[in-house]
Every structure is written in structure tokens, then in C-alpha cells.
Amino acid sequence: MKLSRTVEYAVQAVLQLAEHDRATPVPCSQLAHRGKMPERFLLQILRNLVTHRILSSTRGVDGGYALERAPDEITLLDVIEAVDGPLQGSQTVTHGMPPEAQRRLTAALDEVTTATRVRLAAIRMSSLIAPRE
């Protein structure tokens, strides 16, 4: 499975924030610099994560972003769907296929999508953080 660059940046930002104290917001500029991400693009991603209640934002001089929930309450599926939209089966080209073959192919792909969603929902952001020494 290939993740979009948008999802990669979102995961990276969430992981950075998971390593910080949730009471202290981290500015977008700091996240962008540390992760070598374009700040303007990252800002759009962070807004999506706020909209989906993965992050909270604080305005002002001491403002920035923090996790809305604990890292063990945020799944990889949450992050993917916050930035890329709902994970769903892809539309296949079925032009010229017999109706029964179309139905079976669609059912098989729906099954794969469901299994993928279950697996991604089982991956907690806390499991992706390096253990502290």
C-alpha cells in the first residue's frame, strides 16, 4: 500500500506531536522545519487534522498544535481518512465484462477494502513512536 505525500506528512506531524507534552502547543513552523516539510502545505494538512479532531490548535504568540487525544486513541486509519477522505474500494474498469463477473469483482474489492480498514484501524499512533530510553 502506498501512502500519499499528504498522509506521510500528516503521520509525521502527529508522531512529532505525540512526543511533546500535550499541554504545550507546537508551532507549524517547528513541525515543518524538524520534518523537512513545506510549511504552507503542512498548514493545510494540520487544519484537516484539527477539523477531524485529531489535533487541537491554539492561536497567538504561544500558539500551535497539539494532539486532541492520546496517541493510543488515534489510529492510522483516522489520520489517512482525515487528509485523503474515506478509504473505499476503487472503481474498476468493468466495461465489457459480464454482469456476474462485475458483481464478483466489486464484491472482492469491497472485501479487500474492509480488511484494509480493519488493519489500519488496529494501528495506533502510539505503536509507531520510538520507545523513550
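Numbers here are sequence positions counted from 1. Only heavy atoms go into these numbers, but all of them, side chains included; no hydrogens, no water, no symmetry mates.
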Only one of Arg103, Arg104, Gln102 forms a side chain to side chain contact (heavy atoms under 4.5 Å, CB included) with Met97, so which one is it? Gln102
Does Tyr9 form a side-chain contact (heavy atoms from CB on, under 4.5 Å) with Val83? I'd like the steps, not just the answer. CA-CA 10 Å; Tyr9 288 166; Val83 295; over 6 Å; no
What closest approach, in Å, do Glu81 and Pro86 show between heavy atoms, and which atom pair accounts for it? OE2-CA, 3.6 Å
Look up atom CD1 in Ile45 and atom SG in Cys28, then write down how far apart they are to the nearest 0.5 Å. 9.0 Å
Determine whether the side chains of Asp78 and Thr75 contain a donor N or O and an acceptor N or O closer than 3.5 Å. yes
For His52 and Arg69, work out which heavy atoms get closest and say how close. O-NH2, 4.2 Å
Audit row: Asp62, Thr58, side-chain contact (heavy atoms from CB on, under 4.5 Å) steps and yes/no: CA-CA 8 Å; Asp62 295 325; Thr58 305; over 6 Å; no
Once you round to the nearest 0.5 Å, how far does CZ of Arg117 lie from CD1 of Ile80? 10.0 Å
Would you find more than 12 non-hydrogen atoms of other residues, nucleotides or ligands less than 6.0 Å from Glu73 atom CD? yes
Tell me whether Glu19 is salt-bridged to Arg34, with the criterion being a basic N under 4.0 Å from an acidic carboxylate O. yes
Is a side-chain N or O of Arg22 found less than 3.5 angstrom from the main chain of Glu68, in a donor-acceptor match? yes
If you compare all heavy atoms of Pro25 against all heavy atoms of Pro27, which two are closest, and at what distance to 0.1 Å? O-CD, 3.9 Å
Looking at every non-hydrogen atom in both residues, tell me the closest pair between Ala18 and Pro71 and how far apart they are. CB-CG, 3.7 Å
Between Asp110 and Ala107, is there a donor-acceptor pair closer than 3.5 Å when you use the side chain of the first and the backbone of the second? no
With a 4.5 Å limit on heavy-atom distance, are the side chains of Met125 and Leu128 in contact? yes
Check for a donor-acceptor pair, side chain of Ser127 on one end and backbone N or O of Ile123 on the other, with a separation under 3.5 Å. no
At their closest point, which heavy atom of Ala82 faces which heavy atom of Leu49, and how far apart are they? CB-CD2, 3.8 Å
Given the rule that I, L, V, M, F, W and Y join up when any side-chain heavy atoms are under 4.5 Å apart, are Val112 and Leu87 in one cluster? no
Among Leu46, Ile54, Val14, side chain to side chain contact (heavy atoms under 4.5 Å, CB included) partner for Tyr65: Leu46
Of all heavy-atom pairs linking Val50 and Ser57, the shortest is CG2-CB, 4.1 Å
Spacing of Leu31 atom CG and Leu15 atom CG [to the nearest 0.5 Å]: 11.0 Å
So do Gln16 and Met37 actually touch side chain to side chain, heavy atoms under 4.5 Å? yes
What's the separation between atom OG1 in Thr6 and atom CD in Gln44, rounded to the nearest 0.5 Å? 9.0 Å
Quick check against the 3.5 Å criterion: does Gln12 have a side-chain atom that pairs as donor or acceptor with the backbone of Gly35? yes
When rounded to the nearest 0.5 Å, the distance separating CG of Leu77 from CZ of Arg124 is 10.0 Å
